[in-house]
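Shown below is the structure under consideration.
Quick note: numbers below take in every heavy atom, side chains included, and nothing from hydrogens, waters or symmetry partners.
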Protein chains: 2
Amino acid sequence: MSKEELKRVSDSKISKSIKKGQSIFEEGEKLNGVFCVRAGVSKLSKLSANGKDQIVKLASKGEVMGQRSVIAEESSNLSAVAVSDMEVCFIPKEGIVDTLHKNPDFTVEVLRHMAHDLREADDVIVNMSQKSVKQRVAEAFLYLKESFGEDSEGFLSVTLSREDIANVVGTATESCIRIISEFKKKGYIKTSGKKIGVANEKKLRDLVEGF
Amino acid sequence: MSKEELKRVSDSKISKSIKKGQSIFEEGEKLNGVFCVRAGVSKLSKLSANGKDQIVKLASKGEVMGQRSVIAEESSNLSAVAVSDMEVCFIPKEGIVDTLHKNPDFTVEVLRHMAHDLREADDVIVNMSQKSVKQRVAEAFLYLKESFGEDSEGFLSVTLSREDIANVVGTATESCIRIISEFKKKGYIKTSGKKIGVANEKKLRDLVEGF
DNA sequence: TTAGAAAACTGACTAAAATCATATTTTTGA
DNA sequence: TCAAAAATATGATTTTAGTCAGTTTTCTAA
């Protein structure tokens, strides 16, 4: 499109407000379109057999949710729930499938994007299986800082509950809390209410690298 | 293409023999084409910081390796090593990129395929983070049986070393061996030399589901 | 504003898996 | 065919993370 065309399509649609905690779509649901995030952050998660949610991805402004399912013509393998108040717009399936077949450049663009997502997914697999919970928590904070930025006081712009952080990392909430306490005590991070900020990026990085 | 066109392109190329254990491409390498597997099985793995390989995918007949990197125009995030003697053929980048822009149906086909891979990757992430090592080992055997079949005597067609199995599952080799011994003792699997066969599929399935 | 609920936290204990050490078996190449 | 190397196996121990139980703090809605 790519950027321009997507923007045009997106702008033409009515944007919808979603309150924090509200669901956008559910695992198993048939999606008849994709959702573009205009503002706010959504968690994309999958329920595991033991009843825990695993957060696979966080989507923020400019990102598209549900395209995998629409393209593969499968029901969604993930649920999307707002982590903060959001603005999203909806693009119906027909328009997309149509464009995919008519505009090769757009399709290649989408393909590239998905190739990138796949690489990220590979990286997550390796992290999950080869790194300790402590390393993964450290990495999560670095990722949140890098991807969503921080406010004027150096706190992460996205505020996740401890449970959500645990679900990103793939660990028990209590374990996650313990590690957060430890990091705080060691001065790697700082907290203010629910807000968390990276205080010593180098130390966190060293930890992730295994030092 | 799609099937036909891919086959045509593929057939026109010289197929190359790869001996078991030989490398096809390395992590970080720039690929100027993709590899189609004609025969045999290859492991696609990524080296983690602690020096262990994580096997992300096993590719067999009909599967294409390296397309993610070629499409995203990035160097490969994975290494490919033959797990058995193989026949592979090489399709140069140019031909692919060209076709992608000229043949939208082909591109959509590739896109669908990648969407599918992405879903599988999401599932792996959840398994890795939410299931026990024992469950993952059980799942690995079921996956190997389902994906690559078994011989006339009921042994898995792909023979992986214990270390490779451990690297698929994301665990220490010793832990993997212990679990294999346990499964054998309980009659869930049978072995004959290096060969492993599923002996009680139901029990393995129950274990994966958490019973 | 305040009671009740939810989230965050802490401690004690248990279970799972990694690590280290070493033995045994299998494979391989000279 | 035989010695060395690699793979497989097993035991003992330690580390890591999960579970359970209970407390404190924070948030929320009547």
Kindly assign one of parallel, tilted or perpendicular to the pair B:Y143 and B:F148, based on the angle between their ring planes and the thresholds 30° and 60°.
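Ring orientation, 0 to 90° scale: perpendicular.
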Donor-acceptor pair between A:S75 and A:E29 side chains, under 3.5 angstrom
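No donor-acceptor contact under 3.5 Å links the two side chains.
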Please report the distance, rounded to the nearest Å, between CD in A:E182 and P in C:dA8.
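Checked: the CD to P distance equals 19 Å.
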Round to the nearest Å and state the distance from A:I179 atom CD1 to C:dC9 atom C1'.
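After rounding, the gap between these two atoms is 14 Å.
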Nucleotide D:dG18, atom C1' - distance to NZ of B:K131 in whole Å:
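Going from B:K131 (NZ) to D:dG18 (C1'), I get 18 Å.
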DNA chain C: B:K20 or B:A172, which has the more 5' nearest nucleotide?
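Looking at DNA chain C, the more 5' nearest nucleotide goes with B:A172.
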What is the distance from CG of A:N50 to C1' of D:dA17, rounded to the nearest Å?
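Taking atom C1' of D:dA17 as the reference, CG of A:N50 is at 14 Å.
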Gap between atoms CZ and P, on B:R136 and C:dA16 respectively (whole Å)
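Taking CZ of B:R136 and P of C:dA16, I get 14 Å after rounding.
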Should the pair A:D122-B:K57 be classified as a salt bridge under the 4.0 Å nitrogen-to-oxygen rule?
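Looking at A:D122 and B:K57, the cut-off is not met.
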Would you call the rings of B:F183 and B:F141 parallel, tilted or perpendicular if under 30° counts as parallel and over 60° as perpendicular?
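Perpendicular.
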Given C:dA16, is OP1 or OP2 found less than 4.0 Å from the side-chain N or O atoms of B:S175?
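Answer is no, no contact under 4.0 Å.
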Pair B:T173-B:E163, side-chain donor/acceptor within less than 3.5 Å:
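No - no donor-acceptor pair under 3.5 Å links their side chains.
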Between protein and nucleotides 8-11 of chain D, what N or O pairs are separated by less than 3.5 Å?
unit_1, atom_1, unit_2, atom_2, d
D:dT8, OP1, B:K194, NZ, 2.9
D:dT8, OP2, B:R162, N, 3.1
D:dA9, OP2, B:R162, NH1, 2.8
D:dT10, OP2, B:S181, OG, 3.0
D:dG11, N7, B:R178, NH1, 3.0
D:dG11, O6, B:R178, NH2, 2.9

Judged by each residue's nearest nucleotide on DNA chain D, which is more toward the 5′ side, A:K52 or A:G193?
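Here A:K52 is the residue nearer the 5' end.
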Does this structure show an ion pair linking A:E153 with A:K195, if we count only N-O contacts that are shorter than 4.0 Å?
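A:K195 and A:E153: not salt-bridged.
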When the distance from NZ of A:K19 to C1' of D:dT28 is rounded to whole Å, what number comes out?
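Computing the A:K19:NZ to D:dT28:C1' distance gives 16 Å.
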